[in-house]
Protein chains: 2
Amino acid sequence: MVTNTKDTDALLALQKAGISKTSQRLAVLNILLKATRPLNANTIRQALKTKASIDKVTVYRVLSIFKKSGMIREIASAGGANYFEMVSLENPLHPHFSCRNCGTFVCMEPAPFIKMPELILSKDDYSIEHIEINISGLCADCRDTTKTES
Amino acid sequence: MVTNTKDTDALLALQKAGISKTSQRLAVLNILLKATRPLNANTIRQALKTKASIDKVTVYRVLSIFKKSGMIREIASAGGANYFEMVSLENPLHPHFSCRNCGTFVCMEPAPFIKMPELILSKDDYSIEHIEINISGLCADCRDTTKTES
DNA sequence: TAATTGTTGCAACCCGGTTGCATTTTTGAT
DNA sequence: ATCAAAAATGCAACCGGGTTGCAACAATTA
Ligand SMILES: [Mn+2]
Ligand SMILES: [Mn+2]
Ligand SMILES: [Zn+2]
Ligand SMILES: [Zn+2]
């Protein structure tokens, strides 16, 4: 097998973004495309280790150019490593949740929240370029197990 | 001069929180009480250097116990050092702004935004303990000077 | 007094991320 | 296909924020 659908998707995405094609970039992009939650640089690297070996630095550099091209967004994480996820019309900016107990980091539906653009009101003291809403606490699993443990 | 009002305030705050009094703790607390914007550990230390010398580790440890006691809150900063500010009834949780150009980090009035508690709706998938809204872009100064430069 | 407990400072370390530079890969023109 | 220019990678070394281990010092308590 020379190519699969994933590879094709990634290749097209790179071409559309005008980013030259390398095996490392394709590999990282495929991981991000398959991901169902935000990933950090190290997780991406480990996911890749089975197939190919990519240097830590390269992962950061690849993520950096993806971000500059608008393909992905970076989500800052308090204390730990930052996360990355694909940007698309179906995946607009939204809040994220991290569990203080197990560290799980997931996207939150914007639904139950006031929509992010509506947060940007008046106040021309600043020109706002990015909004990040990070929520922390306990995920359902940790909340429940903690409850029954005590 | 043995005591001034600031020292008295800090001392009372420590006593009320049940935190034993040391010169280092009083010094750090005084800096935070005087501050008009969030400060990071290093800034606190530098502000202190003129009067006394406090080890980096001690600053972090003092901030840690202040935080545990609920006297201060910590505001995560993407990439850089975290910030700290006093907690009080007059200073409820609010969004913060950081300028990507000059690094200025300031508190934002909750006013133009939907109030934070109102963000916490339904979705019992998580037990929410903390919400952080970090906004970035250009401060008024940087926006204006950048505009006229180009 | 002596034993206990808590706090500080120093050094060493950890981790996420970046930089310099030599080597390899990709590109694109011939 | 070839070959030179340009771009990307990998390694090592580094950086900054923050933490940990531990010995010295200080304050409490018996
Ligand atoms: Mn997300
Ligand atoms: Mn604030
Ligand atoms: Zn959890
Ligand atoms: Zn600025």
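Note that the structure is a prediction, hence the values are computed from the model and not measured. So you know, we letter chains A, B, ... as the sequences are listed, proteins then strands, and number each from 1.
- Remark: the B:Arg61 side chain and the C:dG6 base include no donor-acceptor N/O pair separated by less than 3.5 Å.
- In this entry the distance linking CD1 of A:Ile54 with P of C:dT24 reads 18 Å, nearest Å.
- In this structure, the CG atom of B:Asn40 is 7 Å from the P atom of D:dG17, given to the nearest Å.
- Distances were taken from every side-chain heavy atom of A:Ser20 (C-beta onward) to each of D:dT9, C:dT27, D:dT19; the shortest belongs to C:dT27.
- One atom, CZ of A:Arg25, and another, P of C:dT26, lie 11 Å apart when rounded to the nearest Å.
- B:Arg37 places no side-chain N or O within 3.5 Å of a backbone atom of B:Cys107 that could act as its donor or acceptor partner.
- At the heavy-atom level, B:Ser23 lies nowhere under 4.0 Å from the strands shown.
- You'll find that the side chain of A:Ala81 is closest to C:dG16, out of D:dG18, C:dT18, C:dG16.
- Among the protein residues, A:Ser64 comes within range of no part of the nucleic acid, since none of its heavy atoms lies under 4.0 Å from any strand.
- For the pair A:Val59 and B:Lys56, nearest-nucleotide mapping onto DNA chain D gives the more 5' position to A:Val59.
- Atom-to-atom, CG of A:Leu63 to C1' of D:dA8 comes out at 15 Å; the value is rounded to the nearest Å.
- With rounding to whole Å, B:Arg45 atom CZ is found 9 Å from C:dG9 atom P.
- The side chain of B:Asp55 has C:dC10 as its nearest neighbour among C:dC10, C:dT7, D:dC11.
- In this structure, the side chains of A:Asn40 and A:Thr43 come closer than 4.5 Å at one or more pairs of heavy atoms.
- If you take CD of A:Gln24 and P of C:dT23, they are 18 Å apart, rounded to a whole angstrom.
- The 5' end of DNA chain C is approached more closely, in terms of each residue's nearest nucleotide, by B:Thr22 than by the other of B:Val57 and B:Thr22.
- Using a 4.5 Å cut-off between side-chain heavy atoms of Ile, Leu, Val, Met, Phe, Trp and Tyr, with links allowed through other members, B:Phe84 and B:Phe105 fall into different hydrophobic clusters.
- Taking atom CD1 on B:Ile65 and atom C1' on D:dG18, their separation rounds to 17 Å, with Å as the unit.
- Side-chain atoms of A:Asn91 come within 3.5 Å of backbone atoms of A:Met86 as a donor-acceptor pair (strictly under, hydrogens ignored).
- Considering only the side chain of A:Asn82, C:dG17 comes nearest among C:dG17, D:dC11, D:dA8.
- Side-chain proximity of A:Tyr60 to the nucleotides D:dG10, D:dT20, C:dG16 is greatest for C:dG16.
- Atom CG of B:Leu14 is separated from atom C1' of C:dG6 by 15 Å (rounded to the nearest Å).
- A donor-acceptor pair under 3.5 Å is formed between the side chain of B:Arg25 and the backbone N or O of B:Ser20.
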